Protein chains: 2
Amino acid sequence: MKLTSKGRYAVMALVDLARFDNINPVSLRDISLRQGISLDYLEQIFSKLKKDQIVKSIRGTQGGYVLSKKPNEIKLTNIFHAVDEKVKTVQCKKESKKGCNGKATKCVTHNLWDELETHINTFFEKKSLEDLLKNNTEQRT
Amino acid sequence: MKLTSKGRYAVMALVDLARFDNINPVSLRDISLRQGISLDYLEQIFSKLKKDQIVKSIRGTQGGYVLSKKPNEIKLTNIFHAVDEKVKTVQCKKESKKGCNGKATKCVTHNLWDELETHINTFFEKKSLEDLLKNNTEQRT
DNA sequence: ACTATACTTGACCAATTTAGTCAGGTATGT
DNA sequence: ACATACCTGACTAAATTGGTCAAGTATAGT
Ligand code: FES
Ligand code: FES
């Protein structure tokens with residue numbers, strides 16, 4: 001049960017972006033240097049974030065990325081969804097009536113994992129990028 | 001962010017065990033058949049559960065496994081700990097003061113992941129095997 | 001027009017982890 | 001003795017992860 005780098009980096013990068021995009025677009029190169037994430041990898045991540053309209057890109061010299069919404073409108077759910085960091089606790093297909101063992105009924109633990117999934121998702125739905133920014137400036141005092 | 005089979009199977013198997021161990025020890029073979037889990041794999045799992053004293057083994061003909069505590073005393077945390085299904089959301093070593101990027105300070109998302117970890121663990125600490133049993137008999141009505 | 005910057009796309013790969021299998025044991029009730 | 005069932009460790013195929021590499025395209029500034 002762990003997070004992948006993709007999800008982790010996506011959030012990191014967006015926090016960085018949120019802090020600096022007021023003045024100018026932020027280049028991936030800058031984020032790469034500040035956060036210590038491979039540039040090539042960041043490109044993959046941002047292409048996904050762009051597809052889900054979490055960021056906008058500005059090409060050319062002095063170009064870069066900008067948030068397309070306000071920090072309080074970007075929830076962790078949105079970010080994770082964009083980069084395919086999905087929470088999958090059940091083994092079976094939820095829609096199907098079959099269980100994970102191939103039997104006709106759901107297995108004895110199915111409900112448990114489903115509850116867990118909800119529990120985790122609740123967390124992600126509550127947290128916004130803004131929360132993280134606050135948290136971070138607080139630390140700096 | 002997903003669960004491994006080890007954790008999943010461990011819980012499955014223990015629910016099965018809890019339901020049937022009142023009368024006789026339950027053999028892994030039976031669990032294997034009822035839950036559709038490979039016998040060899042179950043053996044690996046139970047050796048770990050035994051090491052953490054969640055189950056007791058009884059050898060010989062008509063032998064098998066029995067819970068060593070009452071279902072309400074066995075929390076999911078205990079099970080997961082036994083089979084090394086650990087929740088790891090932060091990247092860095094928690095004790096260290098260094099961040100995940102190797103820098104001197106914790107990264108901007110560290111606190112977030114730490115909160116998440118707590119959030120998930122709370123769930124596991126609350127749920128006991130007994131809760132699962134109830135849940136399952138309710139479904140059968 | 002040229003050039004540097006920075007986004008864009010897709011293929012590729014090495015390392016790790018997972019989810020098991022296989023092949024032998026050893027203990028014990030009947 | 002012998003069948004049952006626990007016990008142990010080595011091994012492996014497949015999937016996933018966490019990237020790298022290569023070859024673009026668009027745009028701002030000179
Ligand atoms: S997890 Fe859904 S049936 Fe087992
Ligand atoms: S996760 Fe702990 S420092 Fe980044």
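What's counted below: heavy atoms across the whole structure, side chains too, no hydrogens, waters or symmetry copies. Order of the sequence lines sets the chain letters (A, B, ...), proteins ahead of strands, with each chain counted from 1. The structure presented is a predicted model; accordingly, all values stated were derived computationally and were not measured.
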Just the rounded figure in Å: distance from [atom2] of [N] to [atom1] of [X].
{"X": "B:Leu42", "N": "C:dT21", "atom1": "CG", "atom2": "P", "answer": "10 Å"}
{"X": "B:Leu49", "N": "D:dT8", "atom1": "CG", "atom2": "P", "answer": "14 Å"}
{"X": "B:Lys48", "N": "D:dG9", "atom1": "NZ", "atom2": "P", "answer": "12 Å"}
{"X": "A:Glu85", "N": "D:dT16", "atom1": "CD", "atom2": "P", "answer": "14 Å"}
{"X": "B:Asp30", "N": "D:dA5", "atom1": "CG", "atom2": "P", "answer": "7 Å"}
{"X": "B:Leu28", "N": "D:dT8", "atom1": "CG", "atom2": "P", "answer": "13 Å"}
{"X": "A:Leu33", "N": "C:dT5", "atom1": "CG", "atom2": "P", "answer": "14 Å"}
{"X": "A:Leu17", "N": "C:dC7", "atom1": "CG", "atom2": "C1'", "answer": "14 Å"}

Report task. Check whether more than 12 heavy atoms from other residues, nucleotides or ligands sit under 6.0 Å from atom NZ of A:Lys126, and answer yes or no. Result -> no
Query raised in the report: Quick check: are there more than 12 heavy atoms from other residues, nucleotides or ligands sitting under 6.0 Å from NE2 of A:His81?
Result: no
Side-chain heavy-atom pair [X], [Y] within 4.5 angstrom cut-off:
{"X": "A:Ile120", "Y": "B:Ile120", "value": "yes"}
{"X": "B:Lys127", "Y": "A:Glu115", "value": "yes"}
{"X": "A:Asn121", "Y": "A:Thr77", "value": "no"}
{"X": "A:Leu14", "Y": "A:Leu49", "value": "yes"}

Query raised in the report: Are A:Ile58 and A:Leu67 linked, directly or through other ILVMFWY residues, by side chains that come within less than 4.5 angstrom of each other?
Result: no
Classify [X] by what it touches in the nucleic acid, base, sugar-phosphate, or nothing, heavy-atom distance under 4.0 Å.
{"X": "A:Tyr65", "answer": "sugar-phosphate"}
{"X": "A:Ser47", "answer": "nothing"}
{"X": "A:Val55", "answer": "nothing"}

Requested in this report: For A:Glu125, enumerate each residue passing the side-chain hydrogen bond (donor to acceptor under 3.5 Å, both in side chains) test, keeping only those at least two apart in sequence or located in another chain.
Outcome: none
Any N/O pairs under 3.5 Å between the protein and nucleotides 17-23 of chain D? List them or say none.
residue : atom : partner : partner atom : Å
D:dG18  : OP1  : A:Ser5  : OG           : 3.3
D:dG18  : OP2  : A:Ser5  : N            : 2.9
D:dG19  : OP2  : A:Tyr9  : OH           : 2.8
D:dT20  : OP2  : A:Ser38 : OG           : 2.4
D:dT20  : O4   : A:Gln44 : NE2          : 2.7

Query raised in the report: Does anything in residues 39-61 of chain A pair up under salt bridge (Lys or Arg N to Asp or Glu O under 4.0 Å), and if so which pairs, sequence neighbours excluded?
Result: A:Lys48-A:Asp84
Query raised in the report: Think B:Lys50 has a side-chain N or O under 4.0 angstrom from the OP1 or OP2 of D:dC7?
Result: yes
Requested in this report: Ignoring hydrogens and angles, state whether a donor on the side chain of A:Glu85 or A:Thr4 is under 3.5 Å from an acceptor on the partner side chain.
Outcome: yes
Between protein and nucleic acid, restricted to nucleotides 28-30 of chain C and to nitrogen or oxygen atoms under 3.5 Å apart, what atom pairs and distances do you find?
residue : atom : partner : partner atom : Å
C:dG29  : N3   : B:Thr61 : OG1          : 3.4

Report task. Classify the angle between the aromatic ring planes of B:Tyr41 and B:Tyr9 as parallel (below 30°), tilted (30 to 60°) or perpendicular (above 60°). Result -> perpendicular
Only distances under 3.5 Å count here; give the side-chain donor-acceptor pairs of residues 28-37 of chain A to other protein atoms, sequence neighbours excluded, each with its distance to 0.1 Å.
residue : atom : partner : partner atom : Å
A:Ser32 : OG   : A:Ile37 : O            : 2.8
A:Arg34 : NE   : A:Asp16 : OD1          : 3.3
A:Arg34 : NE   : A:Asp16 : OD2          : 2.9
A:Arg34 : NH2  : A:Asp16 : OD1          : 2.8
A:Gln35 : NE2  : A:Asp16 : OD2          : 2.7

Query - Five-pair end axes of the helix from C:dA1-D:dT30 to C:dT30-D:dA1 and the angle they enclose, rounded to 10° - result: 10°
